[in-house]
Amino acid sequence: QVQLVESGGGLVQSGGSLRLSCAASGRTFSSYHGAWFRQAPGKEREYVAAISRSGGITYYAGSVKGRFTISRDNAKNTVYLQMNSLKPEDTANYYCAADYGLGFRSEKYAYWGQGTQVTVSS
């Protein structure tokens, strides 16, 4: 199995940028597809972006497309989420996930990090 630890969250003004990192340990991370989800208070966890094992294929939720970029460095066992043009509605706890399958539903992912909080002020 694989263990995931997110970092990089924080407080940023609307229009600002943050880069989240998800460091993996355990089994070879390049064997897993990766994804980012987020959950705001009182709301369900929602898909943000996903990336294939090699990094050659990426997917984005419509709400973040053009503003967020998912990437990975398998040599460093890390997945990233570059977030630009942040909006107050992006405020949430952001979670990294990994699994052998690639999908958009949270229940498809077996491995999760503990989350990192992103707060965007208006």
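Taking 4.5 Å as the limit, some side-chain heavy atom of Thr91 sits within range of a side-chain heavy atom of Gln117. Side-chain contact between Leu4 and Phe29 is present, with heavy atoms from C-beta onward closer than 4.5 Å. Within the 4.5 Å cutoff, the side chain of Ile70 has no heavy atoms near those of the Phe68 side chain. Proximity of Val12 to Thr119: side-chain heavy atoms (C-beta onward) are nowhere separated by under 4.5 Å. Using a 4.5 Å heavy-atom threshold, the side chains of Trp112 and Cys96 count as separate. Taking the side chain as every heavy atom from C-beta outward, Tyr59 and Ser52 never approach each other to under 4.5 Å. In this structure, the side chains of Asp90 and Val118 stay at 4.5 Å or more apart for every pair of heavy atoms. Within the 4.5 Å cutoff, side-chain heavy atoms of Glu6 are placed close to those of Gln114.
Hydrophobic cluster membership differs between Ile51 and Ile57, with clusters built from Ile, Leu, Val, Met, Phe, Trp and Tyr side chains linked at under 4.5 angstrom.
Taking the ring axis of Tyr80 as reference, the NZ or CZ atom of Arg72 does not stay both within 45° of it and closer than 6.0 Å to the ring centre. By the 6.0 Å and 45° rule, Arg45 stacks over the aromatic ring of Tyr95.
For the residue pair Tyr100 and Ser31, the shortest heavy atom distance occurs at CD2-O, 3.4 Å. For the residue pair Met83 and Leu86, the shortest heavy atom distance occurs at CB-CD2, 3.8 Å. Of all non-hydrogen atoms in Asn93 and Gly115, the two that sit nearest each other are OD1-C, 3.5 Å. Shortest non-hydrogen contact noted between Ala24 and Val2 is CB-CG2, 3.8 Å. Heavy-atom minimum distance, Arg67 versus Ser85: NH1-O, 2.9 Å.
In this structure, Ser54 contributes its side chain and Gly56 its backbone to a donor-acceptor pair below 3.5 Å. A donor-acceptor contact shorter than 3.5 Å is absent between the side chain of Ser14 and the backbone of Pro88. The backbone N or O of Gly103 lies less than 3.5 Å from a partner atom in the side chain of Tyr109, making a donor-acceptor pair. No donor-acceptor pair closer than 3.5 Å links the side chain of Asp99 to the backbone N or O of Glu107.
To the nearest 0.5 angstrom, His33 atom NE2 is 3.5 Å from Arg53 atom CZ. Atom OG1 of residue Thr116 and atom CG of residue Leu20 lie 6.0 Å apart, to the nearest 0.5 angstrom. Arg38 CZ to Ser63 OG: the interatomic distance, rounded to the nearest 0.5 Å, is 4.5 Å. The CG atom of Leu81 sits 8.0 Å away from the OH atom of Tyr60 when rounded to the nearest 0.5 Å. Once rounded to the nearest 0.5 Å, the distance linking OG of Ser121 with CD of Gln13 reads 5.0 Å.
Using cut-offs of 30° and 60° on the angle between ring planes, the pair Tyr47 and Phe37 is perpendicular.
Defined by atom type and a distance below 3.5 Å, a donor-acceptor pair is present between the side-chain atoms of Ser17 and Asn84.
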